[in-house]
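Just so it is clear, the model here is predicted, and its values are computed rather than measured.
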Protein chains: 2
Amino acid sequence: MKEQDERFMRMAIEASRAGMERGDGGPFGCVIVKDGNVVGSGNNRVTSDNDPTAHAEVVAIRNACANLKNFQLKDCTVYTSCEPCPMCLGALYWARPARIVYAATREDAAAAGFDDQLIYDELPLPPEKRRFPMERQLREEAKEVFHAWTAMEAKVKY
Amino acid sequence: MKEQDERFMRMAIEASRAGMERGDGGPFGCVIVKDGNVVGSGNNRVTSDNDPTAHAEVVAIRNACANLKNFQLKDCTVYTSCEPCPMCLGALYWARPARIVYAATREDAAAAGFDDQLIYDELPLPPEKRRFPMERQLREEAKEVFHAWTAMEAKVKY
């Protein structure tokens, strides 16, 4: 297992370097593996795609799910060159792979200028206590759509 | 301001209902506004696009950033029909809009079968304490790429 893990992690690290050298974005890469085969990969493309969600993990999740024709990563292992940020962790919880292997830590990323700490600090706070201005409006009108969803019979749950 | 807010929030709620009725995914919609104009919108497309990251906010952020040709949402307001999940909140922190307005709460979403609580509980924990299996490997090899990034002169920071 360790030998296979290292092989795929080196591919993720190589993707991080290649993306950086091409000018795609920051130095982050990710490879997703199922049954010993690569089913998706990605590197950071935030600045070249004008997409703040295009972190390596999100790009790789989208790629793997497209290849697997499924909105979940059942029985997959995600190899990422750096500890995922809160956005990517959230994406990974929704995608539900079997395990995650990462290389550099969030502290290593912060030392290179990529600091997630504000997001980690803010997420557990209730919306009104966050530094980010958040307001609630028209709650009841939105709830009506949830009631319609609950009552709907033909739907795909996720 | 309140009148304008309600107008755009009703558009977000309408997007949540229309997407649900088309079978795109769950009942969630989002509209992004700059200087009084809609610059992007989206609804949940997880199950129809086979993309676990295609929450309404992520779809709208990607759409608005593509339209604005920028990887940030400077001076934008994000109207979302439901309190953003941790993945979407992370995406919003990276996109940096001026403010977020939401309608239904995370409790309303949970009552309709969309429960974010596990993710909120897990994110603040150190990786080794999460329910989700996470392991670290080859840290030093990944750090070498960060050092190369730090030393690189021609790069777009974000």
Q | Top contributor to chain A interface from V58(B), L123(B), L138(B) [non-hydrogen pairs under 4.5 Å] | A | L138(B)
Q. Which residue out of I61(B), L92(B), L118(B), T105(B) racks up the most heavy-atom pairs below 4.5 Å with chain A?
A. T105(B)
Q. What are the residues of residues 15-22 of chain A, in order of number, with any heavy atom under 4.5 angstrom from a heavy atom of chain B?
A. S16(A), R17(A), M20(A)
By a 4.5 Å heavy-atom criterion (distance strictly below it), what part of [X] contacts chain A: side chain, backbone, both, or neither?
X	answer
R106(B)	side chain
H147(B)	neither
Y120(B)	side chain
A109(B)	both
P84(B)	side chain
A66(B)	backbone
N44(B)	side chain
C88(B)	neither

(Q) Taking side-chain hydrogen bond (donor to acceptor under 3.5 Å, both in side chains) as the definition, give me every residue that meets it alongside E14(B), ordered by chain and number, with sequence neighbours left out. (A) none
Q: For D5(A), check side-chain hydrogen bond (donor to acceptor under 3.5 Å, both in side chains) against everything at least two apart and list the hits.
A: Y79(A), R99(A), Q137(B)
At a 4.5 Å cut-off on heavy atoms, which part of [X] comes close to chain B: side chain, backbone, both, or neither?
X	value
K69(A)	both
D51(A)	both
T150(A)	side chain
P86(A)	both
A148(A)	both

Q: Can you sort out the partners of F71(A) under ring-ring contact (aromatic ring centres under 6.0 Å, His included), two or more places apart, ordered by chain and number?
A: none
**Q.** Salt-bridge criterion met for E6(B) and K2(B) (N-O under 4.0 Å)
**A.** yes
Q) Parallel, tilted or perpendicular: which fits the ring planes of Y158(B) and W149(B), with parallel below 30° and perpendicular above 60°? A) perpendicular
Q | Output field: ring centroids Y102(B)/F28(B) closer than 6.0 Å | A | no
